Number of protein chains: 2
Amino acid sequence: MKITYKGDYALKTILDLARHYGNSPVTIHDLAKRADIPIKFLEQILLDLKRGGFVESRRGKVGGYLLAKEPSGIKLGEVIRFIEGPIEPIACVSKNYQGCNSIYNCVLREVWQWVNKATCGIIDNITFEDLLKKIEDSDCTISYQI
Amino acid sequence: MKITYKGDYALKTILDLARHYGNSPVTIHDLAKRADIPIKFLEQILLDLKRGGFVESRRGKVGGYLLAKEPSGIKLGEVIRFIEGPIEPIACVSKNYQGCNSIYNCVLREVWQWVNKATCGIIDNITFEDLLKKIEDSDCTISYQI
DNA sequence: ATAATCCCTATTGTATTAGTAGAGTATACC
DNA sequence: GGTATACTCTACTAATACAATAGGGATTAT
């Protein structure tokens, strides 16, 4: 798996919205500023996240973005897969892959499947609520401004 | 981590050479044919692998390539890092990374560090001898021709 | 000599990434 | 109803990486 800027930005944005879950909408301006994301790039990402059902939006004055589900209902893996595509390190890992005729594939493919499983085991077992808790427990919180 | 064609080819090539460890050199022609790799692309990869100390070569007639160390002395992780570069899913995982000032980084970075650790735990604990053993134990061997 | 090898650099076509640009639409508020 | 402040959507672009391809050279067994 490789995380692109887009994926990184998406996760940070959802985490920011998770912090403000239950409050009034957060403007793209604030999101962009806090996570240091080019605002026009973030626009596209938020559009994607909306289409993916992770985010809702309110237009017009006092508009902004809201998390569409509660933080405990969104796993890291879901967002990553939606933004980045398949997370496996190489295509042959996927279930329906044909063309694995050589002996080399047999044995290396198994390794990639382990790697894939290990990765999924992590990102599919962490929700954004888990991350929020982590933030509360950490020192970082002090220097963070809402 | 993401495995490119180049990395995949490199691993398959070393595995092939591991199978022939202790025998006479293997020609690039045979390597390319068995793993279905474009020969001119494989040329570059073998040049890299030679510079990396994984492979030796003999020129002239009856020349070819040989594994530079014994299969038990080469870990998957070494080859991958040499060919693909850093294996971490995102740059901020690396030790000397600065610029981790936002709270978002703190907590997400930790996740990527877990993923990285899990991946390294796999690929840095498998040698090419392990893979050879795996091949012996598997059914695939039957249809494979040396 | 010559045929079969490996050695090395440069070039190319394609796709992906990380943005930028610019026009449009909705809504709160006076 | 006008206006400022938001979100919406599509198109474009510069830079880079990827996966080869091309075309010479140099070495060695016979």
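To find a chain, count down the sequence lines: A is the first, B the second, and so on, and within it residues start at 1. Computed from a predicted structure; not experimentally measured.
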Interatomic distance, B:Ile3 CD1 vs D:dC18 P [rounded to whole Å]: 12 Å
Sugar-phosphate only, base, or nothing, as touched by B:Ile28 at under 4.0 Å among non-hydrogen atoms: sugar-phosphate
Cationic N near anionic O, under 4.0 Å, B:Glu88 to A:Lys2: no
Length of the line joining A:Ile45:CD1 and D:dC9:P, which is rounded to integer Å: 16 Å
Length of the CD1-C1' vector between A:Ile39 and D:dT8, whole Å: 14 Å
Quiz item: B:Glu43 side-chain donor-acceptor pair to C:dC7 base, under 3.5 Å: yes
Proximity to the side chain of B:Ser57 - top-ranked nucleotide from D:dT21, C:dC7, C:dT20: C:dC7
Short side-chain N/O contact to C:dC7 OP1/OP2 from B:Lys50, under 4.0 Å: yes
Trace of the side-chain contact (heavy atoms from CB on, under 4.5 Å) decision for A:Ile123 with A:Glu78: CA-CA 8 Å; A:Ile123 63 174; A:Glu78 292 179 67; over 6 Å; no
A:Arg109 side chain to A:Cys92 backbone, donor-acceptor under 3.5 Å: yes
N/O (side chain, B:Thr4) to phosphate O (OP1/OP2, D:dA17) under 4.0 Å: no
Donor-acceptor side-chain pairing of A:Thr119 and A:Asn116 below 3.5 angstrom: no
Strictly under 3.5 Å: I want the nitrogen or oxygen pairs between protein and nucleotides 27-30 of chain C, one per line.
{"residue": "C:dT27", "atom": "O2", "partner": "A:Lys61", "partner atom": "N", "Å": "3.4"}

Among D:dT21, C:dG22, C:dG19, the one nearest B:Pro38 by side-chain distance: D:dT21
Length of the line joining A:Ile90:CD1 and D:dC18:C1', which is rounded to integer Å: 14 Å
Check: A:Arg81 main-chain N/O paired with A:Glu84 side-chain donor or acceptor under 3.5 Å: no
Rounded distance (Å) that lies between atom P of D:dA17 and atom CD1 of B:Ile83: 16 Å
N or O in side chain of A:Tyr9 less than 4.0 angstrom from C:dG19 OP1/OP2: yes
Ionic contact status for A:Lys134 with B:Glu110, cut-off 4.0 Å: yes
A:Tyr65 side-chain N/O to D:dT8 phosphate OP1/OP2 under 4.0 Å: yes
Upstream residue (5' side of DNA chain C) when A:Lys6 and B:Leu46 are each assigned their closest nucleotide: B:Leu46
Under 3.5 Å side-chain donor-acceptor pair for A:Lys75 and A:Thr127: no
Check: B:Gln44 side chain, D:dT21 base, donor-acceptor under 3.5 Å: yes
Between D:dT21 (C1') and B:Leu42 (CG): distance, integer Å: 14 Å
Nearest-angstrom distance from the residue atom OH of B:Tyr5 to C1' of C:dT14: 13 Å
Backbone of A:Gly121 reached by a side-chain donor or acceptor of A:Asp124 within 3.5 Å: no
Sugar-phosphate, base or nothing in reach of B:Phe41, heavy atoms under 4.0 Å: base
Side-chain donor/acceptor contact of A:Lys40 with base of C:dG22 under 3.5 Å: yes
Distance, rounded to the nearest Å, where B:Leu47 contributes CG and D:dA20 contributes P: 18 Å
